[in-house]
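For reference, the structure is listed below as structure tokens.
Read the numbers this way: they start at 1 and go in the same order the structure lists the ligands and their atoms. Nothing here was measured: the structure is a model prediction, and the numbers come from that model.
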Amino acid sequence: MYIKSIKLHNFRNYKKLSVSFSKKINIIYGRNAQGKTNLLESIYVLGFTKSHRSFIDNSLITDNEDYLTIEGVVNDKIDSKYNVYIDSKQKKLKCNNDFIKKISDYIALVNVIIFTPDDLEIVKGSPQIRRKYLNLELSQLYSNYYVILNEYNKILKMRNDYLKKLNKGISKDLNYLDIITGYLIDKLVNICKIRKKYIDKINEYCSKIYKDISDLDNFKVIYKPNIDLDYNDSNIKEVLKDEYHKKQNLDIKLCMTNFGPHKDDYEFYLENKNLKLYGSQGQQRLAVLAFKLSEIEIIKKYRESTPILLLDDIFSELDGVKKNNLLKYISKDIQTIITTTDLNNLDKKLTSKSKLFRIKDGNIKKIKEVTEDEQ
Ligand SMILES: Nc1ncnc2c1ncn2[C@@H]1O[C@H](COP(=O)(O)OP(=O)(O)O)[C@@H](O)[C@H]1O
Ligand SMILES: [Mg+2]
């Protein structure tokens, strides 16, 4: 799929903006703090309904304004129009002028993969950052995942609230705890299964990609589930009920559910070396690249369509060889939108076949168009 155009109103430093993209490579250049990341972020929000860099939707609205709108036309075999409206109270989503009530139905429609310098956090940061990232990726692949995850989180909250009541002696009914635990188990088995399958699929691609870009062997991603499940065991739910039962005194003591996919993690290994602990910054950066490029392969296969790629100022950090190796991967038939402060960071050949824009102070100017032949 590719994004044909986007219109912004009151989005960060854009009062009003209208841009048409090339379906191949687009390069946006400009000095710092001019709105390059904001523009990519708006495309991300069009796909995910929320930002990749801010938890607070309100910060997306231009200062001193009450609401924002994003309108994008995305071609996925046919053109569709998407609208996102956000104000301090609500968010409204539309596809082809029809309101979409459930985020889970919307989020799987437009697939976006973003690469940013902050991605390093996926390797180096807390398990919470990695889980958040994985949850978003799985939600854009399977709308069902988003639904199950939300249900799981609701039941988890209910269970934790009840554990508090048991702890304080406000409630005493342990059978009721078992009932909630049963609901929790129904959801968690599905979540863990989907996550495991996904990481398995990532591993079908990522080692080769890592090697292609860096010439280093044996890269892999390892899923570290908080509860190790034997999916061949037809009794899996009963086994889990026993486990939760055994640990319920600890849960009551601490007023929270101490086990489950809300504590899952995954890690990146090169030659059996945990990159979080022992990797150089370069190796860590490549780990995220290989991880995300593998996701593209999965989206291609599963959705029979390519995602829209957003590369936010990542070329200044890669050396020449790796830059070119990476470009071989991305510039084939995937729409790519690249930002940079300096065109010299990019290969001349790449620039010559790209649509070029310059951004200054929230104003965008088309510098060069590309014809079909040049692309
Ligand atoms: N809600 C907002 N309202 C108005 N301006 C904003 C808002 N959020 C961020 N900005 C402005 O956007 C600019 C940064 O844009 P950004 O896209 O991150 O720059 P860069 O071109 O370096 O990627 C800053 O000048 C910042 O003040
Ligand atoms: Mg930026």
Ligand-residue contact atoms, ligand 1 with [X], heavy atoms, under 4.0 Å:
X	value
Asn32	22 (O)
Gln34	19 (O), 20 (P), 21 (O)
Thr62	1 (N), 3 (N)
Thr37	17 (O), 18 (O), 20 (P), 23 (O)
Ile61	1 (N), 2 (C)
Arg31	21 (O)
Asn38	12 (O), 13 (C), 14 (C), 15 (O), 16 (P), 17 (O), 18 (O)

* **Any residue meeting ring-ring contact (aromatic ring centres under 6.0 Å, His included) with Tyr85, in chain and number order, not counting sequence neighbours** => Tyr67

Judged by atom type as modelled, is there a donor-acceptor pair below 3.5 Å linking the side chain of [X] to the main-chain atoms of [Y]?
X	Y	answer
Ser54	Ile56	yes
Tyr198	Lys193	no
Arg12	Ser59	yes
Asp98	Lys94	no
Lys91	Thr49	yes

* Structure fact -> The protein N, O or S atoms lying under 2.8 Å from the Mg ion (ligand 2) are Thr37 OG1

* Structure fact -> Of Arg53, Lys36, Arg12, the one whose closest heavy atom lies nearest atom 18 (O) of ligand 1 is Arg53

* **atom 27 (O) of ligand 1 protein-contacted, heavy-atom criterion under 4.0 angstrom** => no

* Protein heavy atoms: any of them under 4.0 Å from atom 7 (C) of ligand 1? -> yes

* Asked: To the nearest 0.1 Å, how far is atom 2 (C) of ligand 1 from its closest protein heavy atom, and which atom is that?
  -> Asp63 OD1, 3.4 Å

* Tell me which protein heavy atom sits closest to atom 11 (C) of ligand 1, plus the residue, atom name and distance to 0.1 Å. => Asn13 CB, 4.0 Å

Would you give me the side-chain donor-acceptor pairs under 3.5 Å for residues 118-127, sequence neighbours excluded?
| from | atom 1 | to | atom 2 | distance (Å) |
| --- | --- | --- | --- | --- |
| Asp119 | OD1 | Lys292 | NZ | 3.0 |
| Asp119 | OD2 | Thr116 | N | 2.9 |
| Asp119 | OD2 | Lys292 | NZ | 3.1 |
| Ser126 | OG | Ile129 | N | 3.4 |

* Structure fact -> Residue pairs passing the side-chain hydrogen bond (donor to acceptor under 3.5 Å, both in side chains) test with at least one member in residues 25-34, sequence neighbours excluded, are none

* Residue of the set Lys132, Arg195, Arg130 for which salt bridge (charged side-chain N to carboxylate O under 4.0 Å, His left out) holds with Asp264 -> Arg195

* Between the side chains of Asn97 and Lys81, does any donor sit under 3.5 Å from an acceptor? -> yes

* Asked: Does Ala33, backbone or side chain, put an N or O under 3.5 Å from an N or O of ligand 1?
  -> yes

* Just wondering, do Tyr44 and Ser51 contact through their side chains at under 4.5 Å, heavy atoms? -> no

* To do: To the nearest 0.5 angstrom, please state how far the OH atom of Tyr244 sits from the CD atom of Gln248.
  => 12.5 Å

